[in-house]
Amino acid sequence: IVREYFDNGITSSETHFLKGIENGLSKDFYENKKISSIGKYKNGEEDSTWTEFHENGKIKSLGTFINGLQQGDWKEFHENGKIAASGKFEKGNQEGIWTEYYKDSTISKTGLYVLGNKSGHWKSFYEDGKLNMDGYFIEGLEDGYWKIYYPDDQLESEGIYATGEEIGIWKYYHPNG
């Protein structure tokens, strides 16, 4: 076991090694001695379920690594314990539908990832649940027809993106219509 320490002498991490390579349980700590993360290494790579914690002790993120790459279901949490984000990883890339949440569990944004890039239809919302943005991505760049709304549901702007650049005529609307 290799231990590292903060300047004040409190343990900051404990990691098992085998023949000089990380192998087995690994723990990181906050200066208040609470665990900040825990998981296992295999042949120097993260290879198990890993859990990160907020300093208040509540789970910050929970997911699995296989051969050093994030794989499968992944969840992140706010300090209050409520869900912050959820989705899947495939060989280290975000994949499929991902959803992010405000601290009160209302959805802040949702959309599709393909090979780690935003792709397809995405929406974002204000904290009260009203639509903020509605648009499309291709390989992580805005592409296609987009609408952006004021918090009172009034249309703020609309137009077309092509590979991340606004093209053509965009319409912008005054908050009072």
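Looking only at side-chain heavy atoms (C-beta outward), Glu100 and Thr110 stay at 4.5 Å or farther from each other. The shortest distance between side-chain heavy atoms of Glu90 and Gln71 falls below 4.5 Å. Between Ser157 and Tyr172 the shortest side-chain heavy-atom distance falls below 4.5 Å. Under the 4.5 Å side-chain criterion, counting only non-hydrogen atoms from C-beta, Asn23 is in contact with Asn43. Taking 4.5 Å as the limit, every side-chain heavy atom of Phe53 sits out of range of all side-chain heavy atoms of Lys34. Looking at Glu14 and Val2, their side chains never come closer than 4.5 Å, going by heavy atoms from C-beta outward. Counting heavy atoms from C-beta on, the side chains of Ser108 and Tyr102 come closer than 4.5 Å. Looking at Tyr113 and Trp122, their side chains come closer than 4.5 Å, going by heavy atoms from C-beta outward.
The nearest pair of heavy atoms linking Phe65 to Gln70 is CE2-CG, 3.4 Å. Nearest approach of Asp128 to Pro151, heavy atoms of both residues: OD2-O, 4.4 Å. Between Gly44 and Ile21, the closest heavy-atom pair is N-CG2, 3.1 Å. Closest approach of Glu45 and Gly68 over heavy atoms only: CB-N, 3.7 Å. Residue Tyr101 comes nearest to His78 through the heavy atom pair O-NE2, 2.8 Å, listed as atom of the first residue, atom of the second, then distance. For Phe29 against Ile35, the heavy-atom pair with the smallest separation is CE2-CG1, 3.7 Å.
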- Take Thr99 and Lys109 through the side chain to side chain contact (heavy atoms under 4.5 Å, CB included) test and state the conclusion after the steps. CA-CA 6 Å; Thr99 305; Lys109 64 178 81 165; over 6 Å; no

- Task: Would you please test Trp74 and Ser61 for side chain to side chain contact (heavy atoms under 4.5 Å, CB included) and show each step?
- Result: CA-CA 7 Å; Trp74 203 270; Ser61 67; 4.1 Å; yes

- Item | Derivation and outcome, side chain to side chain contact (heavy atoms under 4.5 Å, CB included), residues Glu22 and His16 | CA-CA 6 Å; Glu22 297 155 317; His16 288 75; over 6 Å; no

- Could you walk me through whether Thr106 and Asp104 pass the side chain to side chain donor-acceptor pair (under 3.5 Å) test, one step at a time? CA-CA 6 Å; Thr106 57; Asp104 69 355; 2.7 Å; yes

- Item | Trp50/Glu52 under side chain to side chain contact (heavy atoms under 4.5 Å, CB included): CA gap, chis, key distance, verdict | CA-CA 7 Å; Trp50 278 74; Glu52 289 184 302; over 6 Å; no

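Hydrophobic clustering (ILVMFWY, side-chain heavy atoms < 4.5 Å, transitive): Ile59 and Ile38 are in one cluster. Using a 4.5 Å cut-off between side-chain heavy atoms of Ile, Leu, Val, Met, Phe, Trp and Tyr, with links allowed through other members, Ile83 and Phe125 fall into the same hydrophobic cluster. Hydrophobic clustering (ILVMFWY, side-chain heavy atoms < 4.5 Å, transitive): Trp98 and Ile107 are in distinct clusters. Hydrophobic clustering places Leu115 together with Leu112 (ILVMFWY residues linked when any side-chain heavy atoms are closer than 4.5 Å, directly or through intermediates).
A 6.0 Å sphere centred on CD of Glu55 holds more than 12 heavy atoms belonging to other residues, nucleotides or ligands. In the displayed structure, Lys91 atom NZ is contacted under 6.0 Å by at most 12 heavy atoms of other residues, nucleotides or ligands. Around atom CD of Glu4, no more than 12 heavy atoms belonging to other residues, nucleotides or ligands sit under 6.0 Å away. Shown here is Asp7, whose CG atom has no more than 12 heavy atoms of other residues, nucleotides or ligands within 6.0 Å.
Qualifying salt bridge (Lys or Arg N to Asp or Glu O under 4.0 Å) partners for Lys60, counting only residues two or more places apart in sequence or in other chains: none. With sequence neighbours excluded, the residues satisfying salt bridge (Lys or Arg N to Asp or Glu O under 4.0 Å) with Asp73 are Lys88.
Screening Tyr173, Trp146, Trp170 against Glu158 for a side chain to side chain donor-acceptor pair (under 3.5 Å) leaves a single residue, Tyr173. Checked options Asp153, Asn132, Asp152; the residue passing with Tyr126 is Asn132 (criterion: side chain to side chain donor-acceptor pair (under 3.5 Å)).
Taken from OG in Ser86 to CD in Glu76, the straight-line distance is 9.5 Å, to the nearest 0.5 Å. One finds the CD1 atom of Ile66 at 10.0 Å from the OG atom of Ser48 (value rounded to the nearest 0.5 Å). Separating the OG atom in Ser105 from the CG atom in Asn80 is a distance of 7.0 Å, to the nearest 0.5 Å. Note that NE2 of His174 and CD of Gln154 are 12.0 Å apart. Values are rounded to the nearest 0.5 Å. Taken from CD1 in Ile160 to CD1 in Ile167, the straight-line distance is 5.5 Å, to the nearest 0.5 Å. Ile10 contributes atom CD1, which lies 11.5 Å from atom OH of Tyr5 (distance to the nearest 0.5 angstrom).
When atom types are taken as modelled, the side chain of Thr163 and the backbone of Glu142 share no donor-acceptor pair closer than 3.5 angstrom. A donor-acceptor contact shorter than 3.5 Å links the side chain of His54 to the backbone of Phe77. Remark: the backbone N or O of Tyr41 is not paired with any side-chain donor or acceptor of Glu46 at under 3.5 angstrom. Although no hydrogens or angles enter the test, the distance criterion places a donor-acceptor pair under 3.5 Å between the side chain of Asp47 and the main chain of Asn67. Using a distance-only test at 3.5 Å, with no hydrogens or angles considered, no donor-acceptor pair links the side chain of Asp28 to the main chain of Ser37.
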